[in-house]
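Within every chain, numbering begins at 1; the chains are lettered A, B, ... in the order of the sequence lines, protein sequences first and strands thereafter. What's counted below: heavy atoms across the whole structure, side chains too, no hydrogens, waters or symmetry copies.
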Amino acid sequence: MPGRLTAVPELPEVESARATVERAGLHRRIVQVDDTDTWECRPHPPGEIRAALLGRSLTGAFRRGKSMWCETSGLGRSRTPGPVLGLHLGMSGRILVTGPDGTLTEGGDWLGGRYGQGGEEPGRKAVWDRFTLTFADGGTLRLFDKRRLGRVRLDPDTSALGPDAELVDAAELAARLRRGRSPVKARLLDQSVVAGVGNLLADETLWQARLSPRRPVDELTDAELDRLHDALHTATRAAIDQGGVHTGEVIPFRGAGRHCPRCGAEMVRDTVGGRTTWWCPAEQR
DNA sequence: CCATATGTTAAAAG
DNA sequence: ACTTTTAACATATG
């Protein structure tokens, strides 16, 4: 269900956050920065991000997998751009943008249109706000992150990330997956192989492809890898269009006593790739 | 109190 | 040296 607080950001949710910044957060002059959460802003000491951003504005919002970043303007009339602001949502981060009057303009869909119990009203300092930009017009852009595993950093290093899961073509996906021998689900979750697949999107993709999450990647046939690419693309695109990975066809059936929505077999659970995994033992081979 | 958690990553293990 | 797995991270929730 949309808006539930348990939604964890995978590629589709990060894309939604990126679009939020693009629609509502660009070209507004930054006059205040709260970067005092030293855990979320690590390794930057308090004030470092603030000093780097004051007087600039965000000029573009980009994403690869679950990582997003914003380019920033030069100071004054300078054409030299400022630093890149890297944002990672971790396990529970959301991007909230407010307008000049403090009203939430973007990002609230993730909160079901409400703000929960933490005193986190729009425009006010909230318990779970870990990083805040305040604009000259009085509005804000905030990283709201209960579990505090998100990250804010200047000039983030994205060189270890594989190609974006929605853009990668079949040949490249196959070549990258086949470099190892571990279970196919573990490879899908490895952000250096392909960027953006989280636990739920992995389960959905493997269910659509009718592949067991435990299959060693080096055993997969060309046809199976093709199926996997189709499923990855379809599942990712559908999740973006429908507003989150929780809209996947098999996601509601991940649970004890639930049955495969295609064939009716009882779903089974195990740990694969270090994460709780549910699959249909009858169809996923 | 106990168990669980959908993200990342350093350290340990193989 | 390289690949794979595990444990830890900070915090919330049931």
Side-chain angles (χ1 to χ4, degrees), chain A residues 1-17 37-43 63-68 86-95 110-112 115-120 126-131 143-153 156-162 165 176-207 213-218 235-236 239-240 243-248 250-256 269-279:
Chain A
M1 30 218 77
R4 63 185 197 176
L5 291 168
T6 50
V8 169
E10 299 190 32
L11 186 155
E13 289 76 13
V14 180
E15 173 54 25
S16 165
D37 188 314
T38 53
W39 177 255
E40 204 96 350
C41 295
R42 70 194 183 282
R63 178 191 64 75
R64 186 150 161 211
K66 303 174 206 169
S67 293
M68 62 179 284
L87 299 167
H88 199 291
L89 305 182
M91 288 273 276
S92 61
R94 294 118 172 73
I95 297 292
W110 282 43
L111 297 169
Y115 280 85
Q117 319 287 320
E120 59 280 20
V127 177
W128 292 305
D129 282 350
R130 310 298 184 180
F131 178 76
L143 174 59
F144 172 93
D145 182 15
K146 286 190 174 184
R147 287 184 186 157
R148 217 170 166 222
L149 289 168
R151 265 197 161 174
V152 182
R153 56 175 17 158
D157 177 13
T158 55
S159 62
L161 283 180
R176 290 179 154 270
L177 283 171
R178 281 215 264 238
R179 271 175 217 163
R181 264 157 263 260
S182 46
V184 58
K185 176 163 176 180
R187 299 292 290 160
L188 283 173
L189 290 174
D190 184 338
Q191 304 299 298
S192 70
V193 173
V194 55
V197 182
N199 198 34
L200 291 190
L201 190 54
D203 278 5
E204 176 73 17
T205 296
L206 290 164
W207 178 79
R214 297 208 271 222
R215 282 284 293 285
V217 269
D218 56 326
T236 305
I240 292 173
V245 74
H246 60 281
T247 62
V250 82
I251 303 308
F253 301 94
R254 295 173 82 255
R269 181 202 136 119
D270 200 353
T271 298
V272 184
R275 292 292 169 198
T276 296
T277 302
W278 290 91
W279 74 98

Trainee: Atom CG of A:Asp203 to atom P of B:dT6: distance rounded to whole Å?
Mentor: 9 Å

Trainee: For A:Arg176, which residues count as a side chain to side chain donor-acceptor pair (under 3.5 Å) partner, sequence neighbours excluded?
Mentor: A:Glu172

Trainee: I need the CZ-C1' distance between A:Arg254 and B:dT6, as an integer number of Å.
Mentor: 7 Å

Trainee: A:Arg148: what forms a side chain to side chain donor-acceptor pair (under 3.5 Å) with it, not counting sequence neighbours?
Mentor: A:Asp37

Trainee: Mind checking the P distance from B:dA3 to C:dA7? Whole angstroms is fine.
Mentor: 15 Å

Trainee: Report yes if at least one side-chain N or O of A:Ser92 is closer than 4.0 Å to OP1 or OP2 of B:dT6; otherwise report no.
Mentor: no

Trainee: Could you list the residues that satisfy side-chain contact (heavy atoms from CB on, under 4.5 Å) with A:Ser67, not counting sequence neighbours?
Mentor: A:His88, A:Leu161

Trainee: Using whole Å, what does the distance between atom P of nucleotide C:dA10 and atom CZ of A:Arg130 come to?
Mentor: 12 Å

Trainee: Restricting to side-chain contact (heavy atoms from CB on, under 4.5 Å), what partner residues turn up for A:Arg181, sequence neighbours left out?
Mentor: A:Asp218

Trainee: Do the side-chain N or O atoms of A:Lys146 get closer than 4.0 angstrom to the phosphate oxygens (OP1, OP2) of B:dA5?
Mentor: no

Trainee: Can you check whether A:Val152's main-chain N or O pairs, donor with acceptor, with A:Glu40's side chain at less than 3.5 Å?
Mentor: no

Trainee: Return the polar atom pairs (N/O with N/O) between nucleotides 4-6 of chain C and the protein under 3.5 Å, or none.
Mentor:
{"unit_1": "C:dT4", "atom_1": "OP1", "unit_2": "A:Arg181", "atom_2": "N", "d": "2.5"}
{"unit_1": "C:dT4", "atom_1": "OP1", "unit_2": "A:Ser182", "atom_2": "N", "d": "3.3"}
{"unit_1": "C:dT4", "atom_1": "OP2", "unit_2": "A:Arg187", "atom_2": "NH1", "d": "3.4"}

Trainee: Quick one: list whatever passes side chain to side chain donor-acceptor pair (under 3.5 Å) with A:Arg179, sequence neighbours left out.
Mentor: none

Trainee: Compare side-chain N and O positions of A:Arg147 against OP1 and OP2 of C:dA12 and report whether any pair is under 4.0 Å apart.
Mentor: no

Trainee: Summarise protein proximity over nucleotides 7-14 of chain B in one line of letters, 5' to 3': B for base, S for sugar-phosphate only, - for none, counting protein heavy atoms closer than 4.0 Å.
Mentor: BBS-----

Trainee: Of all residues at least two apart in sequence or in a different chain, which pass the side-chain contact (heavy atoms from CB on, under 4.5 Å) check with A:Pro252?
Mentor: none

Trainee: Suppose we screen for side chain to side chain donor-acceptor pair (under 3.5 Å). Which residues come up paired with A:Gln191, at least two apart in sequence or across chains?
Mentor: none

Trainee: For A:Asp145 and A:Arg130, indicate whether the former's side chain and the latter's backbone hold a donor-acceptor pair under 3.5 Å.
Mentor: no

Trainee: Between C:dA12 atom P and A:Phe144 atom CZ, what is the distance in whole Å?
Mentor: 10 Å

Trainee: To the nearest Å, give me how far apart CG (A:Leu177) and C1' (C:dT3) are.
Mentor: 15 Å

Trainee: Please classify the nucleic acid contact of A:Arg269 as base, sugar-phosphate, or nothing, using heavy-atom distances under 4.0 Å.
Mentor: sugar-phosphate

Trainee: Can you tell me which stems DNA chain B forms when a stem means 3 or more consecutive Watson-Crick or G-U pairs under 3.5 Å?
Mentor: B:2-5 with C:11-14, B:7-14 with C:2-9

Trainee: Look at the side-chain N and O atoms of A:Trp128 and state whether any lies under 4.0 Å from the OP1 or OP2 oxygen of C:dA12.
Mentor: yes

Trainee: Going by atom type alone, with no hydrogens or angles, which donor-acceptor pairs under 3.5 Å involve a side-chain atom of residues 269-278 of chain A and a protein atom two or more places apart or on another chain?
Mentor:
{"unit_1": "A:Asp270", "atom_1": "OD2", "unit_2": "A:Arg214", "atom_2": "NH1", "d": "2.7"}
{"unit_1": "A:Thr277", "atom_1": "OG1", "unit_2": "A:Lys185", "atom_2": "NZ", "d": "2.8"}
{"unit_1": "A:Thr277", "atom_1": "OG1", "unit_2": "A:Arg275", "atom_2": "O", "d": "2.9"}

Trainee: Output all residues satisfying side-chain contact (heavy atoms from CB on, under 4.5 Å) with A:Asp190, sequence neighbours left out; order by chain, then residue number.
Mentor: A:Arg187, A:Ser192, A:Val193

